Structures are given as C-alpha cells and as structure tokens.
Amino acid sequence: MAIHLYNTLSRKKEKFIPLEGNTVKMYVCGPTVYNYIHIGNARPAIVFDMIRQYLTYSGYDVQYMSNFTDVDDKIIRAAKELGEEVPALAEKFISAYHEDTAALGVKKADLHPRVMDTMPEIITFIELLIEKGYAYESQGDVYFHTRSFENYGQLSTQSIEDLQAGARIETGDKKRDPLDFALWKAAKPDEISWESPWGDGRPGWHIECSAMVKKYLGDTIDIHAGGQDLSFPHHENELAQSEALNETKMANYWMHNGYIQIDNEKMSKSLGNFILVHDLIKHHKPEVIRFFILQSHYRSPLNFSESLLESAKSGLDRIQTTVRNLKHRMKESADLGEAKPWIALAAEKKQAFLNEMDDDFNTANAVSVLFDLTKAANQYLQESHSSKLALETFISTIVELGDILSVPMEPEERLLDEDIEQLIEERTAARKSKDFARADEIRDQLKDMGIILEDTPQGIRWKRE
RNA sequence: GGCGGCAUAGCCAAGUGGUAAGGCAGGGGUCUGCAAAACCCCUAUUCCCCGGUUCAAAUCCGGGUGUCGCCUCCA
C-alpha cells in the first residue's frame, strides 16, 4: 500500500508521489524563539518528526528543514525586558528547543536555517517581487499587494472579498489595501536592523520561509507543514509570495496538525494557558508525552490534562511490561512448542501497523495494533511452554514498531545492587520454608526502595517503579 | 459577518455505505501462600437532533443544535 496523506490544499487524502524519485523535500515552520516551547509547540515537532521518520523508514530520502524565527517583534520585546541582546536571547532558546525536542524523541532537522543568516536572500526575494509588480515600498516598509496575486486565498478557501470583509482596520496605514502584508519593516529607533535598498529594517514574518525554501530546497518542494493556525495568514502569504516570484507551485502537499487544547480551549502563549515542555518533563517521562500525542490522529484537536497523560502512561507501561515479561521468559525458555503461528501473527500485525501508517499517518490506529500485538504476546506467556524464537519475534516486532514512532518499548535495564540481590535471595529462602511473614516483609521493604517483585512459575521477576 | 474543524461508552479515541477497533477507569472470575503481572467475561442495539437517499447509513444528502478555531502575534 502506498502512502496517502491529507492535503490541505485539495481538502482530500491524496496518494503521495514525490517530485523527484525517492527524494522528499519537506519544510516545517519552526518556532519563534523567545521562550521555552509549550506542548502545543511540541505537537508539530513530534508529529512531523514522526512523518519524516516514517517516510525514511519507507525508503524515501528525506531532506527535512525547519526554521528558527530569531528576529521579530516578540523577541525584540522580550530582549528589551530582560536587558539582553536579541541574538543572545534567540541563541538561548534555540538551544532550549533542541534540548526539549530531543527529549521528546525528535531528531534534528537536516537544516535549521535562521532569519539572521538568510538576510541577503530575503532582500533579493523582496527586490524581485517589487520588480515584478507584486510589492511596493511605502515609507521604508515594503508590502506585498495581495490583489495582484490572482490565486490569493486558495489555501484557506476564502475569496479575497470575504477576507477583506473580516479584515480589521488599522490606523495610520501605510498599506494600499488592508489585506496587504509586510515583507520588510522599517527599523524603529534603537532596534536591531539590517541595511536594505529601502533603508534599515528587518523582514516581515512570512518572507523568511519563502526565502529559505527557495535557497535550500528550491522553487517547489514536496511537503510544507505546520500548525493549523498557520494556514492563514502565514502559509497563504508564503504561498502567494513564492508562487508570484517563482511562477510555479510552492509545495505539492500542505499538511497541518490540529492544536492542543486545555479545557477545550486552544493552548497558546497569548492566552497564557500553556504548559512548558521544560517543566512537564521534570515530572513526566518524555516518552509518555510523545506516546500521548501519537495516540490521537495528528489532525484532530487534542485535549491535554494531567489525568489524560496518566492514562497514556498506564497504556505505555502495559506494553513495556509485556516486553519485560517476554525477556524474563527468554532466560528460562527452551525451544519448546511451535513458533510458526506466532511468527506469522507478529508479521501480520506489523503489516497492519504499516497499513495504518500509510493511511495519512494514522498513529492512533497504529498504536491500537501495537496493543493487539501486546495482548497476543501476553496470551502466549500464559502457556506453560514457550519457544525462544516466538518470544524473540514478539520482542523484536514490538520494539521495531515502537521505534517507528520513536517510543522506546524496551524498559531500561539497570542491574540490581548486591544488597538488593541478597534480600531477594533471603525472601526466596523464606518462601521455601513457608515463612510468609518474613517474605512479605522483605517484599514491602523492597517496594519502599522502588523495586517491585513478582513471583512467576519461571522464578522471581522484578521491576523498578 | 465570512471561512474551517469537531460532536462516537464514565474518560480518551479510531472508524467515509455492510451491521460499533483500541486504550484508561470500573465490575466479576482464573492464576497466586498472599500479592503483582497477565488471561477470560461483562460495561454504546447505538454513533448531537430532525428529515431524506439506499436492500443496507456513525459513515452520503438537506436542515438544525452545540463547541472549538481562523479572519490580529500564535504550532
């Protein structure tokens, strides 16, 4: 089954066909770096990383790029408040972004361009737009004239008149038309700025992505992605600029993730109802957060709460416990019994998992297949005899499918201290002599130390809390 | 006002024409010295409401209702 994905541009699921053979050019709008990221920001980082990694798993050579907006009003304001320089502040939060996303299992992009490093290309881009008659200078600012771009509104399925009707009226406008947007903003006094043909200033928000895509990936890319709230105006504007200049499609597929909500309200920095990843990972395993996010479809809105995260943790624990139990059985087991039906079952579940992923990256269903596989493995563990090959197949399949989602299914192996080993031996002896009071005492003692014991027909099994 | 998403069990969440996946929570049972883990069984005759199309609709069409969002910085 070939990969199909939902294209915002056509509002349909489409078969995924890259422009050039096996190469996939993918661009994801990255963060404005003036704060730590919240889990709403983490969602696109996680889901598009998952998509990128799945495309790679499927044999594509993915060129993955994600930008950092390191110059804009908010950063300038934050820097002023903190008494820091803009570049230093941006640098700090770029590092924080990498740390937080890495914890969440997100791989670094192949390219992480920044606005400050793309200034010549941005300026050239704007100059060419002016030359072609799509943009105009006005008192040191430069604006894109939306009405000059015929297809404006195609991504957000709105006509320019409808947009016009909803546009807010701005005071002291230098624009010819309320829908025009800034490509270049003249510098205010004491503000970080760059030289340009229109005087000192800095780029508007949308132009960076267009310039970066053109510079590093070319005029047309395969996938352009970001949060749903970016589709208008950000992506609409990017598309207009790029297609006006390049006279070709900017991207074949546009993908947008649904947002994370708190109490059914969008989580955002402006509303102040956000939870920073930086804080959340102090109390929760990052893989639980990733698992939680991937348990729903990337396009659906997703409510966040501590109790939902706890539910996700219970589910993930269940899978990880099964892997641990399979491994425990491996130590004892001889090659007894028929392995073939179980190997076939694992292969069948793996295929089902891949089919779900092929269908617009339906991780919610893919995860449910993982649970089916877990259940089958547990049923197998109920049997008194087991084959090493079957056990191995269960373990490797669960781990492999987890790896596709970048969610670790193998619990970390840390050996027990000697004194703990001794306590376990003492308990075993106590149980043998039917001194259950002492055995329970030791079990409680170990529980306080974070070690949970489980008695099985194949011997003692332990895990850390 | 314009545009878009969503509405499925106590909670979360899949499912675009063939008779309701999966997870969490809960109840009962099995196993166990007791536990733990796990397994088995039970928990939506029904998918926001009202019409329509069809042999057949959670799924398609029409009309409502609720809710979130975009149209202003936002993932």
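In the text below, chain A, chain B and the rest are named by the order of the sequence lines, each starting its count at 1. None of these values were measured; they are calculated from a predicted model. All values below were derived from every heavy atom in this structure, side-chain atoms included, with hydrogens, water molecules and symmetry-related copies excluded.
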Rounded interatomic separation in angstrom, taking [atom1] from [X] and [atom2] from [N]:
X       : N       : atom1 : atom2 : result
H206(A) : rC71(B) : NE2   : C1'   : 13 Å
R461(A) : rA37(B) : CZ    : P     : 10 Å
F232(A) : rC70(B) : CZ    : P     : 12 Å
D162(A) : rC70(B) : CG    : C1'   : 13 Å
Q320(A) : rA37(B) : CD    : P     : 15 Å
R11(A)  : rC6(B)  : CZ    : C1'   : 14 Å
Q261(A) : rC12(B) : CD    : P     : 11 Å
L179(A) : rC3(B)  : CG    : C1'   : 14 Å

(request) Pick out which of R299(A), K13(A), H4(A) makes a side chain to side chain donor-acceptor pair (under 3.5 Å) with D360(A). (result) R299(A)
Mind checking the [atom1] distance from [N] to [M]? Whole angstroms is fine.
N       : M       : atom1 : result
rC6(B)  : rC12(B) : C1'   : 15 Å
rU59(B) : rU53(B) : C1'   : 14 Å
rC41(B) : rG17(B) : P     : 30 Å
rC3(B)  : rG18(B) : C1'   : 35 Å
rG4(B)  : rG64(B) : P     : 15 Å
rG52(B) : rA57(B) : P     : 12 Å
rG10(B) : rG26(B) : P     : 16 Å

Scan [X] against the nucleic acid and name what it touches under 4.0 Å (heavy atoms): base, sugar-phosphate only, or nothing.
X       : result
R427(A) : base
I37(A)  : nothing
N41(A)  : base
F436(A) : base
L381(A) : nothing
I260(A) : base
G226(A) : sugar-phosphate
S296(A) : sugar-phosphate
Q158(A) : base
D72(A)  : nothing

(message) For F292(A) and T157(A), find the nucleotide of RNA chain B closest to each by heavy atoms; which residue's nucleotide sits nearer the 5' end?
(response)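 Upstream on the strand: T157(A).
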(request) Please figure out whether T456(A) or H38(A) has its closest RNA chain B nucleotide nearer the 5' end. (result) T456(A)
(message) Measuring only between side-chain heavy atoms, which start at C-beta, is M409(A) closer than 4.5 Å to L370(A)?
(response)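 In short, these two side chains touch, coming nearer than 4.5 Å.
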Test item: [X] side-chain N/O and [Y] main-chain N/O as donor-acceptor pair under 3.5 Å:
X       : Y       : answer
Q261(A) : N303(A) : no
S296(A) : L302(A) : no
N273(A) : S268(A) : yes
N362(A) : H297(A) : no
T363(A) : A366(A) : no

(request) Examine rC11(B): is either OP1 or OP2 under 4.0 Å from a nitrogen or oxygen in the side chain of N303(A)? Give yes or no. (result)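 Answer no for this pair, as no side-chain N or O of N303(A) is under 4.0 Å from OP1 or OP2.
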(message) Given R202(A), which partner from the list D70(A), D73(A), D72(A) fulfils the salt bridge (Lys or Arg N to Asp or Glu O under 4.0 Å) test?
(response)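 For R202(A), the salt bridge (Lys or Arg N to Asp or Glu O under 4.0 Å) check succeeds only for D73(A).
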(message) Within the supplied structure, the quantity of interest is the number of heavy atoms (other residues, nucleotides, ligands) at a distance under 6.0 Å from E383(A) CD; does it exceed 12?
(response)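 Check passes, neighbour count above 12.
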Return the nearest nucleotide to the side chain of [X]; candidates are [options].
X       : options                   : value
N378(A) : rC73(B), rG4(B), rA38(B)  : rA38(B)
S300(A) : rA14(B), rC40(B), rA35(B) : rA14(B)
E454(A) : rA75(B), rA35(B), rA14(B) : rA35(B)

(request) Using a strict cut-off of less than 4.0 Å between a Lys/Arg side-chain nitrogen and an Asp/Glu carboxylate oxygen, indicate whether D180(A) and R147(A) qualify as a salt bridge. (result)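 Salt bridge flag = no for R147(A) with D180(A).
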(message) Closer than 4.0 angstrom, basic N to acidic O: yes or no for D317(A) and R324(A)?
(response) no
(message) Output the pairing pattern of RNA chain B as a dot-bracket string, 5' first, Watson-Crick or G-U wobble with both distances under 3.5 Å, | for cross-strand pairs, [ ] for crossing pairs.
(response) ((((((((.[[[..)..(...]]].(((((.......))))).....[[[[[..)....]]]]])))))))....
Establish whether the base of [N] is bridged to the side chain of [X] by a donor-acceptor pair shorter than 3.5 Å.
X       : N       : result
R443(A) : rA36(B) : no
K74(A)  : rC73(B) : yes
N365(A) : rG15(B) : no

(message) At under 4.0 Å between heavy atoms, how does the protein contact nucleotides 22-32 of chain B? Give one character per nucleotide, 5' to 3', with B, S or -.
(response) SSS--------
(message) To the nearest 0.5 Å, what is the distance between NE2 on H38(A) and NE2 on H278(A)?
(response)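 Taking NE2 in H38(A) and NE2 in H278(A), the distance rounds to 15.5 Å.
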